[in-house]
Q: 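The structure under discussion is supplied below as structure tokens; questions concerning it will follow.
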Amino acid sequence: MSKPILVAVAWPYASGSRHLGHLAGAYLPADIFARYHRLIGNDVAMVSGSDVHGTPITVRADAEGVSPSAIAERFHAEFVDNWERCGIKWECYTSTGTENHARVTQEMFMTLLEKGHIDKRRSEQFYDEEVGRFLPDRYVEGTCPHCGYTDARGDQCDNCGRTLDPTDLIDPRSKMSGSVPVVRETEHFYLRLSDFADQLGEWLDSRVGWRSHVLNFSKGWITEGLHDRAITRDLEWGVKIPVDDLGPGKRIYVWFDAVIGYLSAAKELSERRGEPDLWRRFWQNPDAESYYFVGKDNVPFHAIIWPAMLMGNGGLNLPTNVPANQYVTFKGGKASASRGVGLTIGEGLDMFEPDSLRYALAASFPEQSDSDISIEEIARRINEELAATWGNLVNRVLSMIHKNHDGAKPATGERTAEDLQLLATVEELLAKEAKQIESVELKAGLRTAMDSAQAVNIYLNATEPWRSAKTDPERSATVLTTALDAINGVRVGLSPYLPFSSAKLDAILGEPTGWERVDVPDGTPIPKPSPLFPKVDLEALEADL
RNA sequence: GGCGACGUAGCUCAGUUGGUGAGAGCGCUCGACUCAUAAUCGAGAGGUCGACAGUUCGAAUCUGUCCGUCGCUACCA
């Protein structure tokens, strides 16, 4: 039975390059999960897009003397290139800059407004008269009233760590122009989040299979008390507010529209495929499932705010699961492209083969807790695990068959209990891995697939087909065909993780028929193999840095 | 400050509701094999599960305190 699976992935912010932490935290796990579900025949819609609005983009645009859209287009193009290069496969990758997205956002805004979940409130905020802009808290700097630190930001003091209100700052100044900001009154729309506290709490309590850190954090938010949130900003760069009673110069704020992107992207997919009701299969069918792949910093948006918006709107499916990952750290520090910690996705792909990088990151997915990686650790994973266990296994079996059997799979003789046991083991591990992937334990799933490869290595060492080739060629042939038939199952389990090398094997062994092990037909041509994964020369790599 | 975590073999990490002598991968030592990308396979060494106190017949697992690391703190997304 084909089940609709919405794979919703955090919208990368087009203000700069994304790094390997983002790849390991959201995009790669989503891709592995989606590839698995496509392979078992489910109806998958993996959607996301570049988040192109917001203040940081306008600030960067000003700094470079270009338009905000130029910044957004530059990084959107970079992201699309990143996905292409590392095999992140989407049903729909779009951006928040489309006309469709604006319309869907405005529709949901109006629905929430009409149902009384959005209202207007006045507040006071700093305004930079020099650049003519209201200032987000973090763009106001000044002296911390607690510790005297002179470069405290309006939201928080980096020195003493205390949370601040911009008006607390002594000698406030605008980060944009350096001038002294003035306080002006402004009016905005607010989402009445607090109205949903009870409903959200009950919903979260009913979740099963969610990661404990996601539930803990979300419930903690509710326990502390949900604040109503402003969902519009004094900004020219964003989705227009569909009512005009706030006056000009206001836009819908990015976090409000970015999550709506999951819905608008599904509708865009419908349009692209010419099936107007396609999106309903994912959003209104009670049997559909939805998984939101995000980093832990995004948990409140996906486990609290977005569900509240969906509850308020009505008629749309709530998340099945939000399998948020924790952080990947680089040598102990939080990855940050802007601070030069870790590698951008592009840099990672320049250094490593895409499948090799995917393997190393997947083996280190921060599913339970933060995980630490480094270039050395990535290289170790590739050389000592991926190439040694799996790459070498494929190479040794294909080489022997190619050399000893005229480049084609020989006929299989009588299989011994040992032979049958290997094939059974591969099948059992495939089943075990399937359960792990379905419960989004992707790191464990990869380990299971590697266990399967190791089982074949153990089998070969026990049966020694290179030896029997001289004494009992028929037995040797049977061992090799058994190993090949086993490999044919192992590669199915690895295919969601390693799409590029899997495609290479598809060319020899044929496309996978599904999530199952099948025998390779007798006589299948087996060409002289080349290593699936080149070894990483760490010294040469570091010499380039 | 508040909140959420984390601290388990040299390294990176698993350890469901507390219970046979604490695990995996890699590294290391020894051995086997030599088909294969000096790859593979076996055996072994290596940890008072951050510290202290407590609950319990019994705790890495529950409670408290402390030390250390990290993240979040709602106007970065």
Side-chain angles (χ1 to χ4, degrees), chain A residues 10-15 51 53-57 123 125-126 134-140 146 153-156 160-166 188 193 212-214 216-221 223-230 233-234 253-255 258-259 294-301 304-305 326-327 329 332-334 363-374 376-377 380-381 383-385 387-389 391-401 403-404 441 443-444 447 450-451 454 456-462 464-467 469 476 480 483 529-535:
Chain A
W11 291 58
Y13 195 49
S15 64
D51 185 352
H53 294 135
T55 302
I57 286 176
S123 65
Q125 194 169 359
F126 275 120
F134 278 95
L135 297 169
D137 290 358
R138 64 197 331 256
Y139 285 97
V140 182
H146 303 287
R153 295 197 321 241
D155 54 343
Q156 180 175 24
C160 65
R162 265 180 261 244
T163 306
L164 304 174
D165 188 282
H188 283 292
L193 246 197
S212 58
H213 74 265
V214 175
N216 284 345
F217 193 80
S218 304
K219 289 178 181 174
W221 252 54
T223 304
E224 285 174 36
L226 291 178
H227 303 199
D228 296 337
R229 294 186 60 135
R233 288 290 184 279
D234 295 285
Y253 178 50
V254 282
W255 71 253
V259 287
V294 302
K296 67 175 166 184
D297 51 339
N298 256 321
V299 167
F301 293 100
I304 300 281
I305 296 168
Q326 309 247 15
Y327 286 137
T329 58
K334 187 192 175 191
S364 300
F365 276 162
E367 293 173 345
Q368 283 82 16
S369 57
D370 291 351
S371 69
D372 196 57
I373 64 170
S374 60
E376 292 82 356
E377 175 70 2
R380 184 192 70 71
R381 293 273 194 197
N383 291 345
E384 313 291 345
E385 296 180 13
T389 303
N392 182 60
L393 170 65
V394 171
N395 209 44
R396 70 195 294 210
V397 171
L398 295 189
S399 290
M400 275 189 275
I401 294 177
K403 261 195 300 196
N404 300 344
E441 297 169 42
K443 185 160 65 169
R447 187 61 242 161
M450 291 298 282
D451 286 344
Q454 187 176 28
V456 185
N457 274 323
I458 292 170
Y459 167 82
L460 286 172
N461 278 57
E464 301 185 311
W466 52 91
R467 182 169 293 188
S476 177
L480 288 177
S530 58
L532 230 36
F533 311 101
K535 289 232 177 176

Q: My understanding is that only residues two or more places apart in sequence, or in another chain, count here; which of them pass side chain to side chain contact (heavy atoms under 4.5 Å, CB included) with A:Ser369?
A: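 Applying side chain to side chain contact (heavy atoms under 4.5 Å, CB included) to A:Ser369 gives none.
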Q: For B:A74 and B:C3, measure between their P atoms and round to the nearest Å.
A: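 Looking at atom P only, B:A74 and B:C3 are 15 Å apart.
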Q: When all nucleic acid strands are considered with a 4.0 Å heavy-atom cut-off, which category describes A:Phe301: base, sugar-phosphate, or nothing?
A: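 A:Phe301: base contact, heavy atoms under 4.0 Å.
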Q: Scan every strand shown for a Watson-Crick or G-U wobble partner of B:C52, both distances under 3.5 Å, and answer none if you come up empty.
A: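 Check on B:C52: paired to B:G64, both distances under 3.5 Å.
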Q: Pairs under 3.5 angstrom, nitrogen or oxygen only, protein versus nucleotides 43-46 of chain B, please.
A:
none

Q: What residues form a ring pair (Phe, Tyr, Trp, His ring centres under 6.0 Å) with A:Tyr459, not counting sequence neighbours?
A: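 Checked A:Tyr459 against ring pair (Phe, Tyr, Trp, His ring centres under 6.0 Å); zero matches.
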Q: If I pick the P atom on B:A51 and the same atom on B:A22, what distance separates them, to the nearest angstrom?
A: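 Here B:A22 and B:A51 have their P atoms 16 Å from each other.
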Q: Considering every strand shown, what is the Watson-Crick or G-U wobble mate of B:G27 when both distances are under 3.5 Å?
A: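 Pair assignment: B:G27 / none.
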Q: To the nearest Å, how far apart are A:His227 NE2 and B:G2 C1'?
A: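 In whole Å, B:G2 C1' lies 12 Å from A:His227 NE2.
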Q: When the distance from CD of A:Gln125 to P of B:C75 is rounded to whole Å, what number comes out?
A: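 Result: 10 Å.
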Q: Please identify each residue that fulfils side-chain hydrogen bond (donor to acceptor under 3.5 Å, both in side chains) with A:Asp137, with sequence neighbours left out.
A: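 Here no residue qualifies.
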Q: Donor-acceptor check, side chain of A:Asp51 to backbone of A:Pro12, threshold 3.5 angstrom: yes or no?
A: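 Checked: no pair found.
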Q: With P as the reference atom in both, quote the distance from B:G7 to B:C13 in angstrom, rounded to an integer.
A: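 These two P atoms come out 10 Å apart once rounded.
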Q: Strictly by Watson-Crick or wobble contacts shorter than 3.5 Å, is anything paired with B:A22, and which nucleotide is it?
A: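 Across any shown strand, B:A22 pairs with none.
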Q: Name the pairing partner of B:G58, where a pair is Watson-Crick or G-U wobble with both distances under 3.5 Å, or state none.
A: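 WC or wobble partner does not exist here.
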Q: Using whole Å, what does the distance between atom C1' of nucleotide B:C11 and atom CZ of A:Arg380 come to?
A: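 Those two atoms, CZ and C1', are 7 Å apart.
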Q: For A:Ser530, check side chain to side chain contact (heavy atoms under 4.5 Å, CB included) against everything at least two apart and list the hits.
A: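 So A:Ser530 forms no side chain to side chain contact (heavy atoms under 4.5 Å, CB included) with any residue.
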Q: Write down the partner of B:U16 under the Watson-Crick or G-U wobble criteria, each distance required to be under 3.5 Å.
A: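 Here B:U16 is not engaged in any pair, so there is no nucleotide opposite it.
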Q: Could you say whether A:Ala363 or A:Leu135 is positioned toward the 5' end of RNA chain B, judged by the nucleotide with the nearest heavy atom to each?
A: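 The answer here is A:Ala363.
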Q: Rounding to the closest angstrom, what is the interatomic distance between B:U48 and B:C11 at atom P?
A: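 So the two P atoms sit 13 Å from each other.
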Q: Please report the distance separating the C1' of B:G21 from the corresponding atom of B:G64, rounded so that it comes out in whole Å.
A: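 Taking atom C1' in both B:G21 and B:G64, they lie 30 Å apart.
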Q: Name the nucleic acid region contacted by A:Ser371, choosing base, sugar-phosphate or nothing; use a 4.0 angstrom heavy-atom cut-off, strictly under.
A: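 Result for A:Ser371 = sugar-phosphate.
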Q: Between the main-chain N or O of A:Phe134 and the side-chain N or O of A:Gln125, is there a donor-acceptor pair closer than 3.5 Å?
A: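 Pair absent, no side-chain N/O of A:Gln125 close to backbone of A:Phe134.
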Q: Holding to salt bridge (Lys or Arg N to Asp or Glu O under 4.0 Å), I want the full list of residues that pass it with A:Lys535, two or more places apart in sequence or in another chain.
A: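 Checked A:Lys535 against salt bridge (Lys or Arg N to Asp or Glu O under 4.0 Å); zero matches.
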Q: Does B:A38 have a Watson-Crick or wobble mate here (both distances under 3.5 Å), and if so which one?
A: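 Pairing partner: none.
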Q: Determine whether a donor-acceptor pair (N or O, by modelled atom type, separation under 3.5 Å) exists between the side chain of A:Ser476 and the backbone of A:Pro465.
A: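 Yes.
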Q: For B:C52 versus B:C57, give the span between their P atoms, rounded off to a whole number of Å.
A: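 23 Å, rounded to whole Å.
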Q: Of the non-hydrogen atoms in A:Pro300 and A:Phe217, which two are nearest, and what is the gap between them?
A: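 Heavy atoms only, the tightest pair is CG-CE2, 3.4 Å.
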Q: What is the distance, rounded to the nearest whole Å, between atom CG of A:Leu193 and atom P of B:C75?
A: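 Distance check: A:Leu193 CG to B:C75 P gives 10 Å.
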Q: Take the protein atom CE of A:Met450 and the nucleotide atom P of B:A14, then report the distance between them rounded to whole Å.
A: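 Whole-Å distance recorded here is 18 Å.
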Q: Give me the distance, rounded to whole Å, that separates B:G19 from B:U61 when you measure between the C1' atoms they each carry.
A: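 Result for the C1' pair: 11 Å, nearest Å.
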Q: Whole angstrom is fine here: how far is it from CZ in A:Arg447 over to P in B:G25?
A: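 From A:Arg447 CZ to B:G25 P: 6 Å.
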Q: Under 3.5 Å for both donor-acceptor distances, Watson-Crick or wobble: does B:G71 have a partner, and if so which one?
A: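 B:C3 - that is the nucleotide pairing with B:G71, both distances being under 3.5 Å.
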Q: For each nucleotide in nucleotides 33-40 of chain B, reading 5' to 3', give B when a protein heavy atom comes within less than 4.0 Å of its base, S when such contact involves only the sugar-phosphate, and - otherwise.
A: SSBBB-SB
Q: Using salt bridge (Lys or Arg N to Asp or Glu O under 4.0 Å) as the criterion, list what pairs up with A:Glu384, not counting sequence neighbours.
A: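 Scan of A:Glu384 (salt bridge (Lys or Arg N to Asp or Glu O under 4.0 Å), adjacent residues dropped) gives none.
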Q: Could you tell me how far B:U37 sits from B:G47 if I compare only their C1' atoms? Round to whole Å.
A: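 It works out to 34 Å between them.
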Q: Kindly give the heavy-atom pair with the smallest separation between A:Gly391 and A:Phe533, and that separation in Å.
A: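 Between these two residues, the closest heavy atoms are CA-CD1, 3.8 Å.
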Q: Which protein N or O atoms sit under 3.5 Å from an N or O of nucleotides 3-6 of chain B?
A:
from : atom 1 : to       : atom 2 : distance (Å)
B:A5 : OP1    : A:Asn216 : ND2    : 2.2

Q: Which part of the nucleic acid, if any, lies within contact of A:Gly295, taking any heavy atom under 4.0 Å across all strands shown: a base, the sugar-phosphate backbone alone, or nothing?
A: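 Nothing, no nucleic acid heavy atom in range.
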Q: For A:Gln326, enumerate each residue passing the side chain to side chain contact (heavy atoms under 4.5 Å, CB included) test, keeping only those at least two apart in sequence or located in another chain.
A: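 Per chain and number, A:Gln326 pairs via side chain to side chain contact (heavy atoms under 4.5 Å, CB included) with A:His213, A:Lys296, A:Pro366, A:Asp370.
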Q: Rounded to whole Å, how long is the line connecting atom CH2 of A:Trp255 with atom P of B:C75?
A: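 Value for this atom pair: 8 Å.
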Q: Rounded to the nearest Å, what distance is computed from the CG atom of residue A:Asp451 to the P atom of nucleotide B:A14?
A: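 These atoms are roughly 16 Å apart.
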Q: What pairs with A:Glu377 under salt bridge (Lys or Arg N to Asp or Glu O under 4.0 Å), at least two apart in sequence or on another chain?
A: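 Checked A:Glu377 against salt bridge (Lys or Arg N to Asp or Glu O under 4.0 Å); matches are A:Arg380, A:Arg381.
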Q: Return the set of residues passing side chain to side chain contact (heavy atoms under 4.5 Å, CB included) with A:Arg396 (not counting sequence neighbours), or none when no residue passes.
A: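 Expected list: A:Asn392, A:Leu393, A:Asn457, A:Leu460, A:Asn461, A:Trp466.
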